[in-house]
Amino acid sequence: MPPIDLLSAETFPDSVKGLAEVLADAVGDGASMGFLAPFDHEAAAAWWQAQAPAVADGSLLVWVCRDPESAGGIVGTVSLALARKPNGRHRAEVIKLAVHRAARGRGLARALLATAEAAARAAGVTLLMLDTATGSQAERVYLADGWTRYGIVPDYAADPGGSLEDCSFFYKQLTEASG
């Protein structure tokens, strides 16, 4: 398994190019990640660059998976957005879990998700939330990993091509023993 590293405010800027490649690839493959086609590397890099203040203040934790076989290029990522409201500091949202098409099928999505969950648990987070397109491969990953779907909203968001699609909302309660 390639190493998974947490980016710091100092290492984040140097990782934007690789993060943008993974995000643009996911959207290009039809993943509903909040963007419409055309969505190129430049647009993906601009989105990641806009996240730098949240990375710097610690409200957004970003992990990358680098593949030593591809000159250390980033092949996957996941982020954890910590709640900013005083009454919600026990929860966080998993966002932008993506694995480049060239690296899929090796368990990287599950490893990235497990990394985010472990870090959340270590930070005292007891409730994780996320959403994903209903019927997607990502949804199957979450269901297999013990996440609970608490609802489906029809026509919630447009896919990259602009077609409305249903969205499934999930949560996972974390305890010392949950994995």
Side-chain angles (χ1 to χ4, degrees), residues 1-23 25-26 31-34 44-45 47-68 70 72-100 103-132 136-150 168-179:
M1 180 70 55
I4 297 174
D5 299 309
L6 177 64
L7 297 178
S8 67
E10 294 75 31
T11 60
F12 181 79
D14 291 337
S15 299
V16 165
K17 181 179 177 184
L19 287 164
E21 177 62 34
V22 172
L23 183 57
D25 177 72
S32 181
M33 300 192 68
W47 184 86
W48 278 111
Q49 287 167 343
Q51 308 316 303
V55 172
D57 72 20
S59 63
L60 181 67
L61 306 177
V62 180
W63 289 267
V64 295
C65 180
R66 298 181 193 276
D67 189 349
S70 66
I74 295 173
V75 295
T77 185
V78 67
S79 297
L80 192 62
L82 301 172
R84 294 179 184 227
K85 296 177 182 176
N87 71 342
R89 293 197 177 127
H90 65 287
R91 68 178 184 259
E93 184 178 5
V94 173
I95 61 171
K96 302 296 184 261
L97 173 60
V99 174
H100 195 284
R104 292 185 189 154
R106 302 185 333 202
L108 299 180
R110 285 200 169 97
L112 285 159
L113 187 58
T115 298
E117 289 178 17
R121 198 175 292 109
V125 171
T126 58
L127 179 65
L128 290 176
M129 316 275 297
L130 62 82
D131 64 83
T132 193
S136 66
Q137 178 60 38
E139 182 181 49
R140 290 186 283 282
V141 168
Y142 302 132
L143 288 168
D145 197 46
W147 286 72
T148 301
R149 181 174 45 215
Y150 65 90
S168 295
F169 290 81
F170 288 87
Y171 72 89
K172 188 170 193 180
Q173 291 182 301
L174 302 177
T175 63
E176 291 297 320
S178 70

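Note that the structure is predicted; figures quoted are calculated from it, not measured.
There is no side-chain donor-acceptor pair under 3.5 Å between E139 and T132.
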Item checked: Residues V64, I4; criterion side-chain contact (heavy atoms from CB on, under 4.5 Å); working and verdict -> CA-CA 5 Å; V64 295; I4 297 174; over 6 Å; no

Note to self: Quick one, L128 with L174, criterion side-chain contact (heavy atoms from CB on, under 4.5 Å). Give me CA distance, side-chain angles, the key distance, then yes/no.
What the structure shows: CA-CA 8 Å; L128 290 176; L174 302 177; 3.8 Å; yes

Next item on the list: Please lay out, stage by stage, how Q51 and L19 fare under the test side-chain contact (heavy atoms from CB on, under 4.5 Å).
Entry: CA-CA 11 Å; Q51 308 316 303; L19 287 164; over 6 Å; no

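By the salt bridge (Lys or Arg N to Asp or Glu O under 4.0 Å) test, R106 is found to be paired with D67, residues two or more places apart in sequence or in another chain being considered. Taking the side chain to side chain donor-acceptor pair (under 3.5 Å) definition, one finds that W147 meets it with E117, sequence neighbours left out. V55 pairs by the side chain to side chain contact (heavy atoms under 4.5 Å, CB included) definition with F12, L60, V62, not counting sequence neighbours. W63 pairs by the ring pair (Phe, Tyr, Trp, His ring centres under 6.0 Å) definition with nothing, not counting sequence neighbours.
Considering only heavy atoms from C-beta on, P2 comes within 4.5 Å of L108 through its side chain. By the 4.5 Å heavy-atom criterion applied to side chains, D131 and S168 are not counted as neighbours. Using a 4.5 Å heavy-atom cutoff, the side chains of R149 and L143 are in contact. At least one side-chain heavy atom of M129 sits under 4.5 Å from a side-chain heavy atom of L127. Contact of the Y142 side chain with the L113 side chain is registered, since non-hydrogen atoms from C-beta on lie closer than 4.5 Å. Residues L23 and M33 are in side-chain contact: their nearest non-hydrogen atoms beyond the backbone lie under 4.5 Å apart. V99 has its side chain out of reach of V22: every pair of non-hydrogen atoms, C-beta onward, lies at least 4.5 Å apart.
For A116 against V78, the heavy-atom pair with the smallest separation is CB-CG1, 4.1 Å. The two residues L82 and A92 make their nearest non-hydrogen contact at CD2-CB, 3.9 Å. When all heavy atoms are compared, the tightest approach of A45 to V16 is O-CG1, 3.7 Å. Here the closest heavy-atom approach between residue A144 and residue R110 is recorded as CB-NH2, 3.1 Å. Across all their heavy atoms, A44 and A20 have their closest contact at CB-O, 3.5 Å. Shown here for A9 and A56, the closest heavy-atom pair between the two residues is CB-CA, 3.8 Å.
Between the NZ atom of K172 and the CZ atom of R121 there is a distance of 7.0 Å, given to the nearest 0.5 Å. Residue F169 holds its CZ atom at 6.0 Å from OH of Y150, rounded to the nearest 0.5 Å. The structure places CZ of F170 at 11.0 Å from CG of D145, a figure rounded to the nearest 0.5 Å. Between the CD atom of E21 and the CD1 atom of I74 there is a distance of 10.0 Å, given to the nearest 0.5 Å.
Annotation: side chain to side chain donor-acceptor pair (under 3.5 Å) contacts involving residues 6-17, sequence neighbours excluded, comprise S8-E10, S8-T11, S15-R66. Note on residues 74-87: pairs passing side chain to side chain donor-acceptor pair (under 3.5 Å), not counting sequence neighbours, are S59-R84.
With hydrogens and angles ignored, the 3.5 Å screen pairs no side-chain donor or acceptor of K96 with any backbone N or O of L80.
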